[in-house]
Amino acid sequence: MRLKIYGKSWLDDDAIAAWIFLTPALILLGVFILWPIVYLFYLSFTAGNFTTAGVRWVGARNYLRLILTSDFWQIIGNTIYFTVATVIPSLILPLGLAVLLNRSIALKGLLRTAYFIPSITSLVAAGLGFRWLFQNDGPINSLLNNFGISPIPWLSSTIWAMPVIILLSIWKQLGFNLVVFLAGLQAIPLNLYEAAELDGANEWQQFWHITLPGLRPTLVFATVSTAIFTLRSFEQVYVVTGGGPLNSTNLLVYYIYEQAFGQFDFGYAAAAATVLLAVTLVLVYLQLRVWGEE
């Protein structure tokens, strides 16, 4: 069977079969991903809530509010600080561990499993654990007291609360990136290292000139996935600090949640969510572009 338009084959049997199999997935994609994105964009130009009063069109007023609201810029600053401080250690630490675990060492399989456990641990459970560890009379302050250091108000300090959230996020992302880097290391041909050894290259030179270039696509994937993980962070803030003290740990996703379900200002929350979506799409575009070059 062939459908022809102006004498040219438009759909042959294989194409029709492909569309038949793809249609259920495309429908689900449209209903649960594309339509919510379109509706989010529409809501960002409205005001009101889901009551009998309904919503009304306000144009770009919500985006203007974002620009003029000082709290929003504080949230953006918090999110940038949190993202940078989380992404960099979340790449360096697992990369170093992956290089070590890629060698023939004792208990290598057990260590890999132990490092991956945080990735499969619920963020809520991990958050409760960190909240207990860093409370005023918790184990961390008890340990510091043994060394003669005064207790630190970790979760009630505008200086120390964010590092606790960052530490939790690094711990959570460590195992995933470790597995990603291990897979990337095993894809690098061993004969490159053998040739480098014959040429007199030491371990650092091999790492700099062979390992890092060979891991370039893996590094891009790990960087983008970790950045997206940090940008959508919600549970850490909700469980550990609730955005406090004084908004010092309030991140963009938690701010959107507060505006939507705390203040019932859905249009303003949708505008903030659109900003987050735009940043995420830029990161995904950069990842796909680098992969395309590779």
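What you see is a predicted model; the values in this text were computed from it and never measured.
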Phe266 vs Phe264 side-chain heavy atoms within contact, under 4.5 Å: yes
Closest heavy-atom contact between Trp154 and Leu144? CZ2-CD1, 3.9 Å
Are Trp35 and Val38 packed together at the side-chain level, in the sense that at least one heavy-atom pair is separated by less than 4.5 angstrom? yes
Looking only at non-hydrogen atoms, find the nearest pair between Asn136 and Pro151 and report the distance. O-CB, 4.5 Å
Heavy atoms of other groups near Leu190 CG, more than 12 under 6.0 Å: no
Considering only heavy atoms from C-beta outward, does the side chain of Val279 approach that of Leu252 to under 4.5 Å? no
Are Ile76 and Tyr268 connected, step by step, through hydrophobic side chains (Ile, Leu, Val, Met, Phe, Trp, Tyr) whose heavy atoms are closer than 4.5 Å? yes
Hey, what's the ring geometry for Phe130 with Phe134, parallel, tilted or perpendicular (30° and 60° as the breaks)? parallel
With no hydrogens and no angle check, do the side chains of Glu258 and Asn250 hold a donor and an acceptor under 3.5 Å apart? yes
Above 12 or not: heavy atoms from other molecules or residues under 6.0 Å from CZ of Phe234? yes
Any side-chain donor paired with an acceptor under 3.5 Å for Gln206 and Thr211? no
Could you state the interatomic distance from CG (Asn141) to CG (Leu133), rounded to the nearest 0.5 Å? 10.5 Å
Decide whether Val164 and Leu123 are clustered together by the hydrophobic rule: side chain heavy atoms of Ile, Leu, Val, Met, Phe, Trp, Tyr closer than 4.5 Å, transitively. no
Asp199 (side chain) donor-acceptor with Ala201 (main chain) under 3.5 angstrom: no
Quick one: do Asp265 and Arg65 make a salt bridge, cutoff under 4.0 Å? yes
Can you get from Ile80 to Leu231 by hopping between Ile, Leu, Val, Met, Phe, Trp and Tyr side chains that sit under 4.5 Å apart? yes
Are Ile92 and Phe181 connected, step by step, through hydrophobic side chains (Ile, Leu, Val, Met, Phe, Trp, Tyr) whose heavy atoms are closer than 4.5 Å? no
Quick one: does Arg131's side chain have a donor or acceptor within less than 3.5 Å of a partner on Val239's backbone? yes
Determine the minimum heavy-atom distance between Ala47 and Val58, stating which atoms define it. CB-CG1, 3.7 Å
For the pair Thr226 (side chain) and Thr223 (backbone), establish whether a donor and an acceptor sit closer than 3.5 Å, ignoring hydrogens and angles. no
Check against side chain to side chain contact (heavy atoms under 4.5 Å, CB included), Asn102 and Gln186: CA-CA 8 Å; Asn102 197 45; Gln186 292 171 7; 3.6 Å; yes
If you count every heavy atom of other residues, nucleotides or ligands that lies below 6.0 Å from Trp160 atom CH2, does the total exceed 12? no
Donor-acceptor check, side chain of Thr86 to backbone of Thr83, threshold 3.5 angstrom: yes or no? no
Heavy-atom closest pair, residues Leu182 and Ala98: CD2-O, 3.5 Å
Is it true that a side-chain atom of Asn202 and a backbone atom of Gln205 form a donor plus acceptor pair closer than 3.5 Å? yes
Hey, is OH on Tyr193 packed in by over 12 heavy atoms from elsewhere, all under 6.0 Å? yes
Going through the checks in order, is the side chain to side chain contact (heavy atoms under 4.5 Å, CB included) test met by Ile20 and Ile16? CA-CA 6 Å; Ile20 291 174; Ile16 292 175; 4.0 Å; yes
Closest approach of Ala222 to Ser225 (non-hydrogen atoms, all atoms of both residues): O-OG, 3.1 Å
From Asn62 CG over to Ile67 CD1, what is the distance, rounded to the nearest 0.5 angstrom? 11.5 Å
Quick one, Tyr115 and Val179 - any side-chain contact, counting heavy atoms below 4.5 Å? no
Check whether any side-chain heavy atom of Met162 lies under 4.5 Å from a side-chain heavy atom of Leu251, and answer yes or no. yes
With heavy-atom distances below 4.5 Å as the criterion, would you say the side chains of Phe116 and Leu178 are in contact? no
So CG of Leu26 and CD1 of Ile33: to nearest 0.5 Å the spacing works out to 11.0 Å
CG of Leu212: more than 12 outside heavy atoms within 6.0 angstrom? yes
Would the distance check show the side chain of Thr249 and the main-chain N or O of Pro245 forming a donor-acceptor pair, the cut-off being under 3.5 Å? no
Rounding to 0.5 Å, atoms CG (Leu219) and CG (Asn177) come to a distance of 9.5 Å
Same apolar cluster: Leu93 and Leu185, side chain cutoff 4.5 Å: no
How long is the gap from OH on Tyr255 to CG on Leu276, to the nearest 0.5 Å? 13.5 Å
Between the side chain of Ser119 and the main-chain N/O of Phe176, is any donor-acceptor distance below 3.5 Å? yes
Is the shortest side-chain heavy-atom distance between Ser44 and Phe41 below 4.5 Å? yes
Using a cut-off of 6.0 Å, state whether more than 12 heavy atoms not belonging to Trp208 lie near its atom CH2. no
Tell me whether the rings of Tyr63 and Phe45 are parallel (<30°), tilted (30 to 60°) or perpendicular (>60°). tilted
What are the two closest non-hydrogen atoms of Leu40 and Thr274, and how far apart are they? CG-OG1, 3.9 Å
Got a second to check how far Ser233's OG is from Lys172's NZ, nearest 0.5 Å? 11.0 Å
More than 12 heavy atoms of other residues, nucleotides or ligands under 6.0 Å from CD1 of Ile159: is that the case? no
Please tell me if the side chains of Val87 and Phe229 come closer than 4.5 Å, counting only heavy atoms from C-beta onward. no
